Each structure stands twice: as structure tokens, then as C-alpha cells.
K.L.:
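Dumping the structure here so I can ask a few things about it.
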Amino acid sequence: MPAPTPPRNQPKRRRLLALPAVCPCEGIAPEPLLASLVSLTADVASRRAGDASAFPVLRRGTRQAVRLAGLLLAFLEEIQDAAATLSHSAVVGLTELHVAMQKMRFLLTDCARRGARLWVLVNAELIASELRLCLGSVAAAMDVLPTCIVGASVESGELGRLVSDQAWRAMVRPDAGDKLAVRSVRSIMDTFKRGVAPEADDVMRVLRRIRVESWFQCSEEIAFLDGELSARFDAGDENSTEVVLINSLMAFLVYCRVVLFDHIDSKQSDATAVRPATCPEWIRPEALQCPITLELMSNPVTVSTGQTYDRASITRWMKAGCRTCPVTGEKLRTVDLVPNASLCGIIERMLLSNGVSLPETSSKQRHGDADSSAATFSPAAAGAARLAVSYIVAQFATGSTEERRKATCEARKLSKHSMFYRALFVEANAVPWLLCLLSCMDASVQDNAVASLLNLSKHPGGRTALVEAGGIGLVVDIVNVGAKAETQQNAVAILFYLSSNAEYAEEIGRFPEAIPTLVRLIKEGAHRGRKNAMVSLYGLLQSPSNHAKAVAAGAVVVLAGLLSSDRDGDVACDTVSLLARIAEQPAGSQAVLARAGLVARLVEFLAASSSRSGKDHCVGLLVMLCRHGGEKVVALLGRMPGLMGSLHSLVADGSPATCKKARSLISMIHRHYELTRPSSPPVPLPVPTPDAGDRYVRLVL
């Protein structure tokens, strides 16, 4: 059953401090208007304005707004019985009240929002101004209400005048404590700009003002600002002053979280570990999983068939040349991906209720490449980030097990966040220390250290530092003896990034257990581990010296088994591409040919696969087998039923590269039968498929 699909032009989620009030429709009846206004005002009046933990910023202003809402609610309830007799002028006044109360509710919601408190603090002046405007609108609307309504009873008259007087006289401005905290933030930023660590008491004073008192609450603030940053990138405002300010505040909070909070509180689980999250009873758990990867979706999107997938998975599917829906098999009418905001909201609420947040990359995936670059880091932000990274690396060297656990957790999160932080960790010489921590007996420290190295291996300097520090052998050991399955999978992924360099690929191959370990994971690993091992081995095979080692490790035998069990899936495409890479060398081709029935399965894959890249690799593999295997292989392929029809289709409809390979293979088969015609008549070739038509005649004959 497909997941819920939103309308194509579904509105985006409201940004903080945006006040999209909706004016009641013209001609609305007085009764529903008044009932809606009573409900709206009751919601505003129910806010806990006197609770400093609910409204840590603008405490006095929010208290005034909530108290006024309570008086207005009493007035509206007093006149509710006269709703049927309200005049047109009364409806106009109530309409203005409705709009003003909508804006007031938005403002109070934003002021009380968890995770947004620092952003609210630095925008306190703007919020106070908006609250003054709302209260002024309430006063003006009360003044235009007809006397017959306001004076319907003694109580309503007194309440109406009281609401108007207090709304006009309300002086909403930032509290003295708010102004002092903002000045402190600016002073701390100046300190960061000079590369000096601020006084801990000054920083804690700011955090106490906004009621950020734990590692988890600090992380909430960072996550909120990260979302605001992504929204700016999505809107094309990556060079705005707001982006620089948000980056500075994020760096400030990162410094606070790293330096001031000495442990990760229980509200947040281990750094990035995936905790089990229970699914609401009214939705099936499998509806939240991507049908391709069978993992929880972090950025669900819907294709033209109505099926929902994770954006990264379906994008890879389409880039591989597949133009059909993986679930239904229907041809996709368009490659447009529609964000499924409904399902995304369900997933976020489910994770939040279980103390888990979405992966940090999710916001960047939703809004494209919103990676924070050095260009958007102000000198203050860069200074704060360097101080935080230096503190973390110092904890690697001298910290206790608990301190190292927290330090590696922070390194994992920050190195995953952006290329800028990766560069800072490389600059701080973090790689050798992380390699030392691979031998730590604490499973969390080891897991976080490997994940941090994986993130740093995405940086060219990180790869160089890892190899120069002699880390290849350590990473290979972790693949075999890592404390967790995830640790082993991440270690394999490190090998993949290292294998992008031909020299490093050859160096990895020199370790006797490296390639056999990858082959074992391809055979026995879980889905993610198997995929990582396959792409890593593919990278290692760019070094010719590794081909014989892969064959000796039994790679062909293992891949043949995978192709038999998954004839047209994602794994089958990766299997064929890896076999094609192995067959580039004569020894690899001989190993493929020596495996009974493998050539026939390759021909079946070519006919059945819907992947354009899979077909390309498969026909390339068959060409290599013919070149290295000689006329016997050509004759064998010529006798394969259905092969010529598949090749004709690729000539007619394949990509230029695939078409060239298919034509080459067809020519080999034709040439073989022309040479052997005197001794044995050629086997009649199948007639080209009708859809190839004249194009086949032009290209082949």
C-alpha cells in the first residue's frame, strides 16, 4: 500500500517568526467567526506565560500578551449569546481580532519553541516589535466594535474597555536580562574572533538565560539552527548576512556543547547510533521503510506511480538508467520527485517521541547541497570551531575512557556535518589519534572513532593523513574484528574512499587479508556491509595487481552465487559490474568462464534487467570474455537463445557506449560464423525485433 502522497504544490513548513495569518473569508456568518475566535483566544490564553522555562526570553512581554488574551476571552464569552444579532461592522471588528490573535499565537509559539531559544534571544527586538503591533491591532479592533455589542451588558462593557486600555498601554520590549545576554553573546563572538577561549562563567550566563542546561538541549538548539540554515540555502540566500549569523551561533553552541557539558545526558542515545523507534499503531512499520534499501526513510519522496522512496535511493536507481518504478514495475512518466511532507512529519514525530532525531544529513538532502563552507563561516564562527576541535583532539590524547567516549561522539557528529569541520580535524592532526583509539576496548569509542575516520576519509587531506600514519592495516583489522557490525561496515567504507587513489588501492592490496576479507563480506555480510564491500573491491581492482588476488580469494565464485539468488535486483547490477571489472584481465575472464553456467546467467540477466547501467556492464563483460576466451566463447554465445535479440535491442535503444559494445559483440559472432561456414553451417540467427526496425539495418548490416 503506497504511503500518503501530498499534493504537488503543498505549502512549505512555516519558518520561525513568519506570521502567515489567514483572514476569514468575506461574508462569513457571525456565529462560526465568533466561535473560531473564542477557540483561538482560549488557546493563546492557556499558554504558561508565568513559567520562565516556557518563555525564557521576553518574559514580561509574553506575560502581558497572555494576560490580555485572558481578558479578551472573557469578553468574547460574554457576547457569545448575541452572535446571531451581530452587525456587519461587528463582523469586521471581529475579523481584525481574529487576524491579530493568529499572529499573536504564532509569536508565542515561536517564543516557547524548544531548540529555538538562542535564535529568539538574538531576535528579541524584532519579536517585541511584532508583539506590539499585534496588541495595537487588538486595541484598534476593540475600538471599532459597535457600542451595542461592547455595551450589551455591564460586564461586557467593563471587559471591553479594560482590553482596549491594556492593549494600548502595553509596553512590550526585551527584558533587561535579554539585553545583557545579547551583549554577552556579542562579546563572546569577539573573543572567538581573536582565537581566545571565553570565560566559562560568561558563556554559562547566556545559556542559563535561555534555559539550555544540558548536552541534549544544546544539540536541539544546533539542530534547529541547522534547519534554518538549510532553509536559507533552499531559498537561494546562501550569501545573506543571516546565514553568517546562523553559522556563528551554531559554532558558539558547538563550542558550548563540546567544552561545557562533560557528559551526554540520557535523553540522547549514543552519538549517531540508531535506536529502535516504535511506530504508531495506525500506520504499518513497512510504510516508513524505503522499498529499495528497507531502511527508515529520512527524506521520503513520491514518484509518478504514487510509490514513496527515500530520495537518495530512488535517485541512485534513476541515475543507473532505470526508468521504471521498483515496486510496481510501471514506467515512470516523469523523473520529478515530490517531497512527501506528510510521511516525513510522521517519521520525525515518531523518532522524537522515542528520543531519536533524524540523521543530520537529512536537512541537507531535503534542500540540496547546503554544506556549510568556509565562505559562510565568519571569523568568530571559524575561531569557535577551531577551539572546539582542538579541545576534542586533546581529549583523544589525555582523556579518560568516558571523556574519550564523548570526544569521539562529538568528532563523529562534527566531521559528518560539513567539509569545513573535516578540514579542521585534519589540520588539528586528529587522524593519528583516532587510529590509536581503534584498539580501545570500549565498543562506543571504537565505533565512533571508525565513523569519524570514515567522515575524514572523504577529505583528500584526511585520506593522505590516514595512509601516512600507517592506518590501512589498522582499518583492515577492524573489518575483521570490529566490536560492532556497524563498525566493520564503516571500516569497509573507509577502504572504498581510499581506493579512489590508485596508489592507495595498490597499497591496500598488499595486505594479505584485505581482499579475502572483502570477498567474505560480499558472501556473508548484511545488505549495507555487502554493498560497501562490493564498491570497495571494485575500487581496488583499478590496480591490475589486485585482479589475481581477487580471483584467488574466490570472488568469482561468490559473485556467481549472488547472481543466481538475485537475478534482476540492485545487488545483481553491482555483481555484474564487479564481474566486468574482474574480467578486464585475462585471468579474471578465465575464472568467469570456468564457473559452470555463469555465462548463461549473464545472458539471462541481459535479457531481464531493467537497469541501463547493468546492461552496459553485462554486454561489456561478454565482450571481454570473447576477447580473452577466443572463438570457443564466441561460438558458445552464438548458441545462446535470446542473446541476439537482446543485443539488437541495445543497438536500437541503448546508450552510445552500450550500442558500441553490442555492435562489437554482434560483429564477433557474425565473423565467427563466416569463418567457420565451410566446415559447419551457421546457426540461423533470430530475426531482429520489430521495434529495432530500420535502425538495426542501418547500424548493423
Side-chain angles (χ1 to χ4, degrees), residues 316 422 426 431-432 434-435 438 450-482 487-523 525 528-559 562 571 573-592 613 616-617 620-621 624 628:
R316 284 197 302 270
R422 292 170 199 155
V426 173
V431 171
L434 287 168
L435 289 171
L438 295 186
V450 171
S452 300
L453 286 170
L454 170 59
N455 295 330
L456 296 182
S457 68
K458 300 172 185 177
H459 188 281
R463 293 193 288 272
T464 302
L466 194 153
V467 174
E468 290 179 350
I472 293 178
L474 296 173
V475 172
V476 172
D477 289 341
I478 290 295
V479 176
N480 284 306
V481 298
T487 306
Q488 297 175 3
Q489 293 166 1
N490 286 336
V492 173
I494 294 174
L495 296 180
F496 163 70
Y497 283 104
L498 293 178
S499 67
S500 62
N501 182 298
E503 293 181 6
Y504 299 163
E506 187 171 354
E507 180 69 22
I508 294 170
R510 292 195 183 104
F511 287 85
E513 65 274 19
I515 292 178
T517 297
L518 293 178
V519 173
R520 177 181 59 80
L521 277 178
I522 293 173
K523 180 180 180 181
R528 183 188 167 203
R530 174 178 292 161
K531 295 275 288 185
N532 287 350
M534 292 177 81
V535 295
S536 298
L537 183 57
Y538 188 90
L540 294 181
L541 290 176
Q542 68 174 304
S543 172
S545 61
N546 289 334
H547 282 253
K549 297 172 183 176
V551 172
V556 174
V557 176
V558 171
L559 294 172
L562 287 180
V571 173
C573 294
D574 292 339
T575 300
V576 171
S577 65
L578 193 49
L579 284 171
R581 193 67 176 259
I582 292 174
E584 290 175 358
Q585 298 294 322
S589 291
Q590 293 302 322
V592 172
S613 64
D616 179 73
H617 286 298
L621 171 56
M624 284 296 176
H628 294 145

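Treat the numbers as computed from the prediction; the structure is a model and nothing was measured.
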K.L.:
Sequence neighbours left out, what passes side-chain contact (heavy atoms from CB on, under 4.5 Å) with Ala533? Give chain and number order.
P.N.:
Val492, Leu518, Leu521, Ile522
K.L.:
Not counting sequence neighbours, list each pair that qualifies as a salt bridge (charged side-chain N to carboxylate O under 4.0 Å, His left out) and has a residue in residues 537-548.
P.N.:
none
K.L.:
Would you check, one step at a time, whether the test side chain to side chain contact (heavy atoms under 4.5 Å, CB included) holds for Arg520 with Asn480?
P.N.:
CA-CA 10 Å; Arg520 177 181 59 80; Asn480 284 306; 3.3 Å; yes
K.L.:
Let me confirm one number: the CE-OG1 distance from Met534 to Thr575, rounded to the nearest 0.5 Å.
P.N.:
3.5 Å
K.L.:
Between atom CG of Leu454 and atom CG of Asn490, what is the distance when rounded to the nearest 0.5 Å?
P.N.:
5.0 Å
K.L.:
Holding to salt bridge (Lys or Arg N to Asp or Glu O under 4.0 Å), I want the full list of residues that pass it with Lys531, two or more places apart in sequence or in another chain.
P.N.:
Asp570, Asp574
K.L.:
Shortest non-hydrogen contact from Ala583 to Met624?
P.N.:
O-CB, 3.8 Å
K.L.:
Tabulate below the donor-acceptor pairs under 3.5 Å that side-chain atoms of residues 458-477 make, not counting sequence neighbours, or state none.
P.N.:
residue: His459; atom: ND1; partner: Gly461; partner atom: N; Å: 2.9
residue: Arg463; atom: NH1; partner: Ser457; partner atom: O; Å: 2.8
residue: Thr464; atom: OG1; partner: Pro460; partner atom: O; Å: 3.1

K.L.:
Looking only at non-hydrogen atoms, find the nearest pair between Ala553 and Val519 and report the distance.
P.N.:
O-CG1, 3.5 Å
K.L.:
List the atom of Val556, the atom of Ala591, and the distance in Å for their closest heavy-atom pair.
P.N.:
CG1-O, 3.6 Å
K.L.:
If the condition is side-chain contact (heavy atoms from CB on, under 4.5 Å), which residues does Ile478 pass it with, not counting sequence neighbours?
P.N.:
Leu438, Gln446, Val450, Thr487, Ala491
K.L.:
State which residues pass side-chain hydrogen bond (donor to acceptor under 3.5 Å, both in side chains) with Gln488; sequence neighbours excluded, sorted by chain then number.
P.N.:
none
K.L.:
Suppose we screen for side-chain hydrogen bond (donor to acceptor under 3.5 Å, both in side chains). Which residues come up paired with Ser589, at least two apart in sequence or across chains?
P.N.:
His628
K.L.:
Can you list every pair that meets salt bridge (charged side-chain N to carboxylate O under 4.0 Å, His left out) and has a residue in residues 492-508, with sequence neighbours left out?
P.N.:
Glu506-Arg510, Glu507-Arg510
K.L.:
Run the side-chain donor-acceptor check on residues 539-547: report pairs under 3.5 Å with partners two or more places apart or on a different chain.
P.N.:
residue: Gln542; atom: NE2; partner: Ser499; partner atom: O; Å: 2.3
residue: Gln542; atom: NE2; partner: Gly539; partner atom: O; Å: 3.3
residue: Ser543; atom: OG; partner: Ser545; partner atom: OG; Å: 3.0
residue: Asn546; atom: ND2; partner: Ala505; partner atom: O; Å: 3.2
residue: Asn546; atom: ND2; partner: Leu540; partner atom: O; Å: 2.8
residue: His547; atom: ND1; partner: Ile582; partner atom: O; Å: 3.4
residue: His547; atom: NE2; partner: Leu541; partner atom: O; Å: 2.8

K.L.:
I want to check something: taking the side chain as every heavy atom from C-beta on, are Leu537 and Arg581 in contact at a cut-off of under 4.5 Å?
P.N.:
no
K.L.:
Who pairs with Asn532 by side-chain hydrogen bond (donor to acceptor under 3.5 Å, both in side chains), at least two apart in sequence or on another chain?
P.N.:
none
K.L.:
So does Gly509 get a backbone contact from the side chain of Lys549, meaning a donor-acceptor N/O pair under 3.5 Å?
P.N.:
yes
K.L.:
Measuring from Leu621:CG to Glu584:CD, what's the distance to the nearest 0.5 Å?
P.N.:
10.0 Å
